[in-house]
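To keep things clear, I will list the structure first and then write my remarks on it.
Predicted model only: the values in this text are computed from it and were never measured. Order of appearance sets the numbers: ligands from 1, and atoms from 1 within every ligand.
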Amino acid sequence: MALDLPHGGHLSHGYQTDTKKISDVSIFFETMPYRLDESTGYIFGLLGGLIDVCDKQKAIMLADMAHISGLVAAGVIPSPFEYANVVTTTTHKSLCGPCGAMIFFRKGVKGTNKQGQKVLYDYEDKINQAVFPGLQGGPHNHTITALAVALKHAMTPEYKAYQEQVLSNCSKFADGIDGSRVEKVMEAVHIAANKNTVPGDVSAMVPGGIRELRLSHHTEYLEVKLRERIRWACKHSYQDVTFL
Ligand SMILES: Cc1ncc(COP(=O)(O)O)c(C=O)c1O
């Protein structure tokens with residue numbers, strides 16, 4: 001089960017429609033979407049409910065924090081590690097690393113069985129084998145090296161300040177503007193972003209969300225430069241965009 005794409009989920013979590021399997025993940029697995037409470041934007045019955053369901057069904061809770069891992073690493077938003085057995089992230093989004101991914105899994109004692117014996121988590125071998133040799137044929141050493149540099153950077157006070165800036169900029173974005181016009185303006189100033197549906201949207205063409213890839217323009221220096229460029233773009237072609 002994964003969050004439905006039109007409610008902010010991701011294609012790679014097995015998106016399919018009634019008539020077509022869109023992501024191949026929905027061919028490999030029987031995928032089921034869940035949706036959000038449209039009035040609050042939260043998961044129905046709160047996170048606690050989801051944890052209980054996973055426990056009862058003996059399901060593994062996996063949090064894909066791809067979009068927010070930089071914010072998690074900087075400690076400026078709550079972390080999924082407390083709840084999820086497995087956490088995944090791409091490394092080229094808010095984390096600011098190279099194009100790649102990381103998988104974290106729980107190790108050690110999971111609980112005790114009826115005989116009082118310790119039961120251990122058994123994710124390590126399964127995940128490691130699935131990556132290599134299951135899906136990959138060799139290590140990408142250049143990516144691993146660049147990721148190590150990014151993770152070292154993520155431990156600095158400068159990185160934390162930068163992620164705080166990201167949050168503050170996001171609250172401006174959330175302030176009643178639509179993803180479609182923002183996408184156009186960002187494109188005009190050479191920043192790749194794409195509009196994205198969020199719960200409650202009535203049109204996929206004019207949705208309420210925007211997905212950003214590189215967040216380097218949130219740093220103080222680039223943000224000043226960007227504001228100048230966006231003002232320029234608004235003045236010349238997008239005069240109805242007044243959010244900055
Ligand atoms: C939430 C989420 N998960 C996973 C991915 C990874 O997707 P891919 O399989 O294309 O690398 C992305 C990339 O956009 C994402 O946004």
Side-chain angles (χ1 to χ4, degrees), residues 1-17 20-29 31-36 41-43 47 50 59-74 76-81 83-105 123 127-128 130-132 134-140 142-144 146-147 150-151 154 163 166-167 169-170 173-174 179-180 182-183 186-187 191-199 201 204 207-218:
M1 269 186 94
L3 183 60
D4 205 9
L5 183 73
H7 271 212
H10 193 252
L11 193 64
S12 63
H13 296 182
Y15 185 54
Q16 56 180 322
T17 66
K20 197 169 177 202
K21 294 192 176 289
I22 311 283
S23 157
D24 278 3
V25 172
S26 69
I27 299 174
F28 304 150
F29 300 99
T31 53
M32 303 276 174
Y34 63 82
R35 311 197 103 203
L36 299 175
Y42 290 113
I43 300 168
L47 184 61
L50 206 61
I60 297 168
M61 184 184 283
L62 182 154
D64 180 359
M65 59 167 188
H67 291 237
I68 55 168
S69 54
L71 301 166
V72 171
V76 299
I77 59 166
S79 159
F81 284 92
Y83 309 102
N85 293 329
V86 179
V87 177
T88 60
T89 179
T90 47
T91 48
H92 48 284
K93 299 195 179 95
S94 60
L95 193 68
C96 304
C99 190
M102 290 191 286
I103 305 173
F104 302 86
F105 46 81
Y123 305 140
I127 291 176
N128 283 344
V131 174
F132 175 89
L135 293 164
Q136 286 190 354
H140 298 190
H142 55 302
T143 308
I144 295 168
L147 181 53
L151 293 178
Q163 295 293 359
V166 170
L167 274 190
N169 290 351
C170 285
F173 274 142
S180 142
V182 173
E183 179 192 81
M186 293 180 88
E187 204 170 275
I191 296 172
N194 65 279
K195 56 179 184 280
N196 205 104
T197 46
V198 289
D201 282 341
I210 185 91
R211 291 172 88 233
E212 295 186 83
L213 190 57
R214 292 266 155 202
L215 297 189
S216 46
H217 51 279
H218 289 276

Intermediate values then yes/no, side chain to side chain contact (heavy atoms under 4.5 Å, CB included), Phe104 and Thr88 | CA-CA 6 Å; Phe104 302 86; Thr88 60; over 6 Å; no

For Ile22, which residues count as a side-chain contact (heavy atoms from CB on, under 4.5 Å) partner, sequence neighbours excluded?
-> Leu11, Tyr15, Thr17, Lys20

Measure up the His10 and His13 rings against each other and bin them: parallel (under 30°), tilted (30 to 60°), perpendicular (over 60°).
-> perpendicular

Is there a side-chain contact between Leu3 and Tyr34, using heavy atoms and a 4.5 Å cut-off?
-> yes

Got a donor-acceptor contact below 3.5 angstrom from the Lys21 side chain to the Ser26 backbone?
-> yes

Does the side chain of Gln16 come within less than 4.5 Å of Pro33's, by heavy atoms?
-> no

What does the N/O contact table under 3.5 Å look like for ligand 1?
| from | atom 1 | to | atom 2 | distance (Å) |
| --- | --- | --- | --- | --- |
| ligand 1 | 3 (N) | Asp64 | OD2 | 2.4 |
| ligand 1 | 14 (O) | His10 | NE2 | 3.0 |
| ligand 1 | 14 (O) | Lys93 | NZ | 3.0 |
| ligand 1 | 14 (O) | Arg211 | NH2 | 3.0 |
| ligand 1 | 16 (O) | His10 | NE2 | 3.3 |
| ligand 1 | 16 (O) | His67 | NE2 | 2.7 |
| ligand 1 | 16 (O) | Lys93 | NZ | 3.2 |
| ligand 1 | 16 (O) | Arg211 | NH2 | 2.9 |

